[in-house]
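The structure appears right after this line, and notes come after that.
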Amino acid sequence: SVMVPDGLAGQTASFVEAKLREVGLNPNRQPDTYSSTVAEGNVISVDPASGTPVQKGSAVKYVVSKGPAPPKVVTVPDVTGLSVGDASSKLSQAGLALGSTSEKYSDSVPSGEIISQNPAAGSQANQGSSVNVVASKGPQPSPQVTVPSVQGQTAGQAAATLGAAGLALGNITKQPSLSVPVGHIISQNPAAGTKVDPGSSVDVVVSTGPD
């Protein structure tokens, strides 16, 4: 009998074959298999194991590595219309991960829901890979406008001035004034220069003249 040589696992297939023949044994290569720990082309295992006494001329089986197994391919689910949290759960169930999340305004998709995704729904992706999404911030707010000064104007003039700025004349209250002529505006709220949403109202105080 002879001993199966030591140190065969991890060696190249050609080295193992040569070592086995050297001691009078017959190499018997089995179907190659994937391995995440043994480099492609190197031997994963021998049977009988190294150090085992066997009859000269016996066959010794050995398995060669094909390297790491290719990643499993999965179908990307549709996550549009979902919240980011629900999308993350759905992707996880499909063997994928939520990638980057960006936001943009949308008039049609409610705030917080996903507008689009990449890769697209129905496409193939490696298991464990990421899907990037864009979530809605809701409708884009109208840009704010600056309140013009209407002090010293009449209510009619103020209404025109405010209308031209995209604003409206609000409540009109009256009070006596020694310095502002009758019918003219003493003060306004919000003050001139304030930033407000379009369509907002500006309240004014109109002079009734001296008390």
Side-chain angles (χ1 to χ4, degrees), residues 1-140:
S1 64
V2 295
M3 301 283 259
V4 177
D6 289 328
L8 299 181
Q11 300 295 334
T12 62
S14 57
F15 176 87
V16 170
E17 290 173 6
K19 278 293 184 183
L20 292 173
R21 290 198 176 98
E22 212 174 83
V23 296
L25 298 173
N26 293 320
N28 182 3
R29 184 166 178 165
Q30 301 298 296
D32 295 355
T33 188
Y34 293 112
S35 172
S36 59
T37 56
V38 179
E40 183 179 0
N42 289 0
V43 170
I44 299 172
S45 62
V46 292
D47 181 26
S50 293
T52 305
V54 294
Q55 290 294 319
K56 197 167 187 178
S58 297
V60 174
K61 300 175 183 178
Y62 66 99
V63 178
V64 177
S65 170
K66 293 199 287 185
K72 182 182 176 182
V73 175
V74 297
T75 301
V76 178
D78 185 4
V79 296
T80 57
L82 300 179
S83 67
V84 173
D86 289 345
S88 179
S89 298
K90 190 170 184 178
L91 291 170
S92 179
Q93 290 170 5
L96 299 167
L98 180 66
S100 65
T101 302
S102 56
E103 293 182 317
K104 75 174 187 178
Y105 293 112
S106 172
D107 293 330
S108 58
V109 180
S111 178
E113 293 184 6
I114 291 173
I115 302 170
S116 61
Q117 63 183 87
N118 183 32
S123 60
Q124 302 294 299
N126 291 336
Q127 188 174 34
S129 59
S130 297
V131 176
N132 301 324
V133 299
V134 178
S136 171
K137 293 200 290 184
Q140 184 167 8

Checking side chain to side chain contact (heavy atoms under 4.5 Å, CB included) for the pair T80/I115: CA distance, chi angles, key distance, verdict?
-> CA-CA 6 Å; T80 57; I115 302 170; over 6 Å; no
Audit row: V43, Q11, side chain to side chain contact (heavy atoms under 4.5 Å, CB included) steps and yes/no | CA-CA 6 Å; V43 170; Q11 300 295 334; 5.6 Å; no
Might you work through the side chain to side chain contact (heavy atoms under 4.5 Å, CB included) test for Q117 and D78, ending with a clear yes or no?
-> CA-CA 8 Å; Q117 63 183 87; D78 185 4; 3.4 Å; yes
Mind running side chain to side chain contact (heavy atoms under 4.5 Å, CB included) on Y62 and Q30 for me, showing each step along the way?
-> CA-CA 6 Å; Y62 66 99; Q30 301 298 296; over 6 Å; no
Applying side-chain hydrogen bond (donor to acceptor under 3.5 Å, both in side chains), run through S100 and N132 and close with a yes or a no.
-> CA-CA 5 Å; S100 65; N132 301 324; 3.2 Å; yes
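In this model, no donor atom of one side chain and acceptor atom of the other lie less than 3.5 Å apart for N42 and S65. Residues T75 and Q124 have side chains that bring a donor and an acceptor to within less than 3.5 angstrom of each other.
When all heavy atoms are compared, the tightest approach of P5 to K19 is CG-O, 3.9 Å. Here the shortest heavy-atom pairing between L96 and P77 reads CD1-CD, 3.9 Å. Minimum heavy-atom separation, A97 to L91: O-CD1, 4.0 Å. Pairing each heavy atom of S136 with each of S106, the nearest pair is OG-CB, 3.6 Å. For the pair P48 and V54, the tightest heavy-atom approach, listed with the atom from each and the gap, is CG-CG1, 3.7 Å. Of all non-hydrogen atoms in I114 and V79, the two that sit nearest each other are CB-O, 3.7 Å.
The salt bridge (Lys or Arg N to Asp or Glu O under 4.0 Å) check on D47 picks up nothing, with sequence neighbours excluded.
Taking the side chain as every heavy atom from C-beta outward, V73 and N126 approach each other to under 4.5 Å.
The main-chain N or O of G57 is found under 3.5 Å from a side-chain atom of N26 such that the two form a donor-acceptor pair.
In this structure, the separation between OG on S83 and NZ on K90 is 11.5 Å, given to the nearest 0.5 Å. In this structure, S1 OG and Q55 CD are separated by 6.0 Å, a value rounded to the nearest 0.5 Å. The distance from the CG atom of L20 to the CG atom of L8 is 5.5 Å, given to the nearest 0.5 Å. With rounding to the nearest 0.5 Å, the separation of CD in Q93 from OG in S88 is 10.0 Å. Taken from CG in L98 to OG in S130, the straight-line distance is 7.5 Å, to the nearest 0.5 Å.
Of the residues listed (T52, N28, L25, V60), the one engaging V46 in a side chain to side chain contact (heavy atoms under 4.5 Å, CB included) is V60, and it is the only one.
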